[in-house]
Amino acid sequence: MTVTVSGPDFIALQVRDVEAAAAFYEERLGLRRAPASPPGAVVFATEPVPFAVREPLPGVDLGTVERPGIGVALWFRTTDAQALHDGLHAAGIPIVKAPEDGPFGRMFTFVGPEGYAITAHEG
């Protein structure tokens, strides 16, 4: 029997405060909650891959890390990276990398509510 893996089909960030993180992604990025989420998580109706914020898994202590997700690159597609940047910047959201034109269109990187670095790009 040959086992194959086709790639990621669900992405979740472990966070200390699920509702605060969910509110950020709803209010600042415009994500919509999926009709159902498991306990301890909020799943968003993103495509092609669902995205969620969830309580930490057993044994994960986010209080012991300065910035969670270090070494992981998480990218969100947007229709207007510059406008998204301008709105986040005006709201005081930390910007790690200023907008620039890259291989995937206009892009920039910001820090989400739990410290995860997220790149937004046009595509």
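Just the heavy atoms: all of them, side chains too, but no hydrogens, waters or symmetry mates, feed the values below.
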field: Side-chain heavy atoms of R77 within contact of H121, under 4.5 Å
entry: yes
message: Can you confirm whether D9 is buried at CG, in the sense that more than 12 heavy atoms of other residues, nucleotides or ligands lie under 6.0 Å from that atom?
response: no
message: With ring-ring contact (aromatic ring centres under 6.0 Å, His included) as the criterion, how do F51 and Y25 come out once you've worked through the C-alpha distance, each side chain's angles and the decisive distance to 0.1 Å?
response: CA-CA 10 Å; F51 169 73; Y25 290 104; 5.2 Å; yes
Qualifying salt bridge (charged side-chain N to carboxylate O under 4.0 Å, His left out) pairs with a residue from residues 24-42, counting only residues at least two apart or across chains: E19-R33, E26-R33
task: Answer with yes or no whether the hydrophobic clustering places V96 together with L88; edges join I, L, V, M, F, W, Y residues whose side-chain heavy atoms lie under 4.5 Å apart.
output: no
field: S37 side chain to V43 backbone, donor-acceptor under 3.5 Å
entry: yes
query: Just wondering, are more than 12 heavy atoms of other shown residues or ligands nearer than 6.0 Å to CD in E47?
result: no
- line: So NE2 of H85 and CD1 of I93: to nearest 0.5 Å the spacing works out to 11.5 Å
Shared hydrophobic cluster for L29 and V111 (ILVMFWY, side-chain gaps under 4.5 Å): no
V53: which of D17, L31, V42 passes side chain to side chain contact (heavy atoms under 4.5 Å, CB included): V42
message: Is there a continuous path of hydrophobic side-chain contacts, each under 4.5 Å between heavy atoms, that joins I95 to M107?
response: no
query: Just by distance, do the side chain of E114 and the backbone of A21 share a donor-acceptor pair under 3.5 Å?
result: no
query: Pick one: which of F108, F110, F104 meets ring pair (Phe, Tyr, Trp, His ring centres under 6.0 Å) with W75?
result: F104
task: In sequence, state the C-alpha distance, the side-chain angles, and the governing distance for Q14 and R54, and then conclude on side-chain hydrogen bond (donor to acceptor under 3.5 Å, both in side chains).
output: CA-CA 5 Å; Q14 297 178 79; R54 59 159 294 141; 5.0 Å; no
statement: For A52 and F10 the tightest heavy-atom approach is CB-CZ, 3.6 Å
message: I want to check something: taking the side chain as every heavy atom from C-beta on, are I11 and L74 in contact at a cut-off of under 4.5 Å?
response: yes
- prompt: Which atom names give the shortest non-hydrogen contact between G115 and R67, and what distance separates them?
  reply: O-CG, 2.8 Å
field: From CA spacing to verdict: side-chain contact (heavy atoms from CB on, under 4.5 Å), I118, F76
entry: CA-CA 7 Å; I118 299 170; F76 285 156; 3.7 Å; yes
message: Test your reading of the model: is there a side-chain donor-acceptor pair from E122 to the backbone of A81, 3.5 Å cut-off?
response: yes
